Each structure stands twice: as structure tokens, then as C-alpha cells.
Number of protein chains: 2
Amino acid sequence: MVLERALAILDVLAAAGSDLGTNEIARRAGVNPSSASRLLATLARHELVRRAAGTGRYHLGLRLVELGSSALSRVDLRDLARPRLTALMEATGETATLSIPGDTTAMTLDFVQSVSSVRSIAEIGRPSVPHATAIGKVYLSYGGRLPGAELAACTPRTITDRAVLDKALAEIRERGWAEALEEREVGLHAIAAPVLDANADLVAILGLQGPSWRFDVRAMRAAAPRLIEHASALWRGPGR
Amino acid sequence: MVLERALAILDVLAAAGSDLGTNEIARRAGVNPSSASRLLATLARHELVRRAAGTGRYHLGLRLVELGSSALSRVDLRDLARPRLTALMEATGETATLSIPGDTTAMTLDFVQSVSSVRSIAEIGRPSVPHATAIGKVYLSYGGRLPGAELAACTPRTITDRAVLDKALAEIRERGWAEALEEREVGLHAIAAPVLDANADLVAILGLQGPSWRFDVRAMRAAAPRLIEHASALWRGPGR
DNA sequence: CAGAATCTTTGCCATTTAGGCAATGCTGTT
DNA sequence: AACAGCATTGCCTAAATGGCAAAGATTCTG
């Protein structure tokens, strides 16, 4: 039970943009201030959180950077995928991403940013919105479960109907790649393709994303075969 | 108490190179297997750890990547330092690093890798050995505390005598930069300089490192003024 | 292929520990 | 200067924990 609370506190701090005080944390995490105080003291002792020198407010600690980095480094997939991400970015001019499936969503592991001055941003450690992104739809198509029943609308074009989504997922399985047209963010287009292992289990997802005016439907369709090629080659990749 | 155990488990998993089973984790973390089993179940529920599909063994989970990334992003110092790291790397040809001080050591936040084929490796989220690295010595010189009394020898050239170290630290404070000559790793030379805020508190550390045959004492001395310049300019940097 | 040896999980129970309340000491604001 | 909000600490009860032991599952070995 204490773990849950500690986790809630960490989540609150992760979600907060700025440093927070004990009471504020307690309120947002739904725990008693006294519990928060004690938990924070323990967390601080292990540097999972850190209090700012002057204000006494808390933010996430460096130990988490260490643990996160350790969780990342386990996945040597990144080393294998790096050259492919670069190749994809150079071929299309758009940002290429590598994600891996988790229990509830897929998460960005690595990316190669577009060199264009107008580029779409990617961030390591950012989870996908399963039903509203190309990566997320690949995740759902190949075994990912959708926890909640309701589909939140991120933009006017987000798929919010379960039946429509299921149909799209089936299509993706057939075609081998997914697209998302301004479904998570207005002005952002993306495609994604699964990396499957010998058992046809989903081990990773390659994605491409760019501004909708440049990375339009034609560009997406044109890039898809190359994306699929790299994705399917990734598993067989060097040494594996 | 449960938090400590959970942390111990995470540490074990972070340290382990490969996935581990419940018993093995319990043994290494010094907890009862039954406790480990229950703790792991809780941790897995929150995706702090994840069990491999086939084997049932555990490794660190993606949530940690998210939290670590969140802890990192808080520090917009990276954005400020990026161009300086690049400039330093281009001027010297060696790997430039940005670290920030924690409670017990300094940690690498960002780096720009040398373009030379022979380059020294850097890694985000790696803590410094305080007494055996240039970065660590800057950390100690400007307020960092040294927890343990004993100084472990990483190489034959590591400073293991407390008095010698104290003298070196005093010198660093005077001179404004630190050096490490194969003290953490044979064949690796490094220098580092503090980034101080208005109160002369240590907010970050810039470092340069390279192979000893190329980044020799002369090259280090030559690079030092430029490093100091960037480090002291960083705090005043754009917008701040 | 069978027996053995681990490994993993779960029920059980005494003990420890956590969590809420309330009180105290602080900090910063009007 | 008074006050409101914040952070911390005793205290006590209730609940979660951790060790033991046993059962189920899996793997190794002969």
C-alpha cells in the first residue's frame, strides 16, 4: 500500500511542471499530508525525489534518471535500430522513432530528429496514446490491450468509436502498417510499422511523423514500404 | 521499510546485466523470497518492473524510463548547455559532457560525443565516482559531500589518500577547474569546470574527456580556458 | 522418461509499521 | 502585528508486512 502511495507521489511530480510543496503533493496524490511528509523524506533519502535548495519544494530526483537509463540500456534494440532510424529520416526528411510495447501502451525509446527547420518533436520516454497515434494503433493491432473502454478525443479527427477503431486495427494487421492523420495532434501526420520476432510477437515499432502539410497522404504512402522494410529487417538485423 | 526493499530490488535489477528470477532477486537484495514475490507483483502492476514474456523473469520497466525522462526534462539546463557542448567538442575534438550535482555525486545529463573514430564513451544517467573523476572532483570542491571515508582505487593513479585529495580540491577551487589523469580508467584523461549561480552555488559541471594519448596534459591545459569560459557563461546564458 | 531439485506463489499468524488526527513550530502575506 | 497556510512530529489503532511452511509449477538430471 505504501508503494502505491509513493508511486502516486512520483506520478504527481512527473506530471507537475514545476516543483511542489508537501501539502500540494499530498492534495494532488490524494494522501494525507503527514503521510506525504514521511514518504517524501524516505524518497528523498534515496534520491528518488529531491528538494530544491532554497524553497524546500520537491522535484523528481536523479536516481530516477539512473534507473530509467538502466531500464533503457537493457534494450540493445536501440543500437540495432539507430542506423535504420537515421536512414529513414534521411530518406523521408521526417522524424523517425523507435518504440517498444509495454503493458498498457508503447513508449518511445529513441528517435532521430528531422533536419528540417520545421520538424515534429519526439521525446524519449513518452508513452503513446494507443487509439490516437500510428504507433499506438500498431501496438493495439498486434496484441496490445486497451484498458479503458472510452476513447478520449485528442483532436476532431481522433477515432472515438470502438467499432471504427476495431475495423481500422484489422486493416492495419492486413496491410502491415498504420497511419494517423491529425488524430493525436492537429497538424501532425504519422505512420508506423511493427517489428515482429520469429513468433510474430511484437517487439518494437518503427514510426515516422511530420507536419501534415509536408508529410501528406502521398508522402506517407510513399514512405510506408521503406518503413515496413526496415521494420521487418530489424529483427533479423546484425547478429540476430 | 517496504520502500527500502522495493528500492533494493530496483537497484539489483539495475545492476544486473540480464533478467533475474524471483529467488535470485531476493537473494541479491537480501529479502525473503516471499516478500520479493509480493513486492515484484506490486512493482509489476505499476510497470516499474516487467516480466519477460516467456521466462517469467524480471527486468526494469518502462515506467522508470518515463519517470527518469521526466526528471531529466525538468532541467532545461540541457537546452542551454547543448550549443556549448557542441562548441567544446568541435573546438577540442573530444567528448563534452554536462553533469549536475546530486546529494551524493554528480550525474551526466547530456553529452556530445567526439566525432573522432577513437572516442571516449559517455552515458546519460551515469553517476561519477567523486574522488576519481574530474567532474567528481569539481563536485567535491564546490560543496559536495563525500559519504564514505575510504577512497576506492579504480586505477593505480586514483587518489586514495584523503589528505592528498583535500589538497587537490583546494587547488581546484583556486584554479577553477579540475583534471583527472587516468584516475578512473586507464587511458582516459578528463577536465571539468563548475557552473556557478549568483550565490556561487554549484548548479552544473561541464567536462571534457578523451584518450590519454591524444588528450594529453598539454591538450588539457589548452582546452581548460575555453571550458571555464563556457562554464561561467552558462549561468548568464540566454534568458537567464 | 521419471524422479529430484529448484523455483514461485500463497495461506497463515505474530509483529511491525503505516496512516490519520491533532498539536506545534514556521514562513510568508496582508 | 496578526493570521493563514505549510511542514513536521507524537500518539494510537488498525492494517499491512514478513517469515515460515507447504503446495504447485518448472526445469534439470540420471
Side-chain angles (χ1 to χ4, degrees), chain A residues 1-61 63-64 74 102-103 197-199 201, chain B residues 1-61 63 71 74 102-103 197-199 201:
Chain A
M1 205 61 202
V2 61
L3 250 176
E4 322 263 341
R5 285 157 194 268
L7 246 291
I9 285 180
L10 292 181
D11 281 340
V12 163
L13 285 173
S18 57
D19 297 4
L20 299 176
T22 307
N23 267 339
E24 185 62 25
I25 293 171
R27 221 170 296 128
R28 298 198 192 182
V31 305
N32 195 286
S34 66
S35 303
S37 180
R38 279 185 271 252
L39 280 172
L40 284 166
T42 306
L43 290 172
R45 202 178 321 125
H46 292 275
E47 277 205 74
L48 290 179
V49 305
R50 188 138 188 279
R51 51 191 337 176
T55 64
R57 300 191 158 190
Y58 292 92
H59 51 247
L60 293 180
R63 173 66 79 82
L64 284 171
R74 181 189 56 78
D103 287 343
D197 67 9
N199 305 325
D201 283 333
Chain B
M1 205 62 200
V2 62
L3 250 177
E4 323 264 340
R5 285 159 194 268
L7 247 292
I9 285 180
L10 291 182
D11 280 340
V12 163
L13 285 173
S18 58
D19 298 2
L20 300 176
T22 306
N23 264 340
E24 186 62 24
I25 292 171
R27 222 170 294 127
R28 297 197 193 182
V31 305
N32 195 288
S34 66
S35 303
S37 178
R38 277 186 272 252
L39 279 173
L40 283 166
T42 305
L43 290 172
R45 201 176 324 123
H46 292 275
E47 280 207 69
L48 290 179
V49 304
R50 188 142 189 278
R51 47 191 339 173
T55 64
R57 300 190 159 190
Y58 292 93
H59 53 248
L60 293 181
R63 175 66 79 84
R74 183 188 55 76
D103 287 344
D197 66 9
N199 305 323
D201 283 334

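Just so we're clear, the structure is a prediction, and the values are computed from it rather than from any experiment. Each chain gets a letter, A, B and so on, in the order the sequences are listed, and its residues count up from 1.
The phosphate of C:dT8 has neither OP1 nor OP2 within less than 4.0 Å of any side-chain N or O from B:R57. Note on B:R5: a side-chain N or O is less than 4.0 Å away from OP1 or OP2 of D:dG18.
Considering B:T22, B:I9, B:D19 in turn, B:T22 is the only one that fulfils the side-chain contact (heavy atoms from CB on, under 4.5 Å) rule with B:Y58.
A donor and an acceptor atom never sit less than 3.5 Å apart when one is taken from the side chain of B:S34 and the other from the base of D:dG18.
The structure places CG of B:L3 at 5.5 Å from CG of A:L3, a figure rounded to the nearest 0.5 Å. Distance check, rounded to the nearest 0.5 Å: CZ of A:R57 to CG of A:L13 gives 11.5 Å. Going from atom CZ of A:R5 over to atom CG of A:L43 covers 13.0 Å, rounded to the nearest 0.5 Å.
Summarising the geometry of A:V49 relative to A:L40, their closest heavy-atom pair is CG2-O, 3.8 Å, with the distance given to 0.1 Å. The two atoms that bring B:A26 and B:P33 nearest to each other are CB-CA, 3.6 Å, heavy atoms only.
Near-neighbour residues of DNA chain C inside residues 35-48 of chain A, defined by a heavy atom below 4.0 Å, number-ordered: A:S35, A:R38.
To the nearest angstrom, P of C:dC7 lies 15 Å from OH of B:Y58. As rounded to whole Å, 16 Å separates atom P of D:dA16 from atom CG of B:L3. Spacing between atom CG of A:N32 and atom P of C:dA23 amounts to 15 Å, rounded to whole angstrom units. Per the geometry, CG belonging to A:D19 stands 16 Å off C1' belonging to D:dA7, to the nearest Å. With rounding to whole Å, A:I25 atom CD1 is found 14 Å from D:dT8 atom C1'.
With C:dT9, D:dG19, C:dG20 as the choices, the nucleotide that has an atom nearest any side-chain atom of B:R51 turns out to be C:dT9. Ranking C:dT10, D:dG18, D:dT8 by closeness to the B:V2 side chain, first place goes to D:dG18. Nearest to the side chain of A:N23, among C:dT9, D:dG19, D:dC6, sits D:dC6. Side-chain proximity of B:T22 to the nucleotides C:dT8, D:dG19, C:dG20 is greatest for C:dT8.
The shortest side-chain heavy-atom distance between A:T42 and A:V2 does not fall under the 4.5 Å cut-off. By the 4.5 Å heavy-atom criterion applied to side chains, A:D11 and B:R63 are counted as neighbours. For the pair A:L39/A:I25, no side-chain contact is recorded, criterion being any heavy-atom separation below 4.5 Å from C-beta on.
Taken over five-pair windows at either terminus, the axes of the helix from C:dC1-D:dG30 to C:dT30-D:dA1 are inclined to one another by 50° (rounded to 10 degrees).
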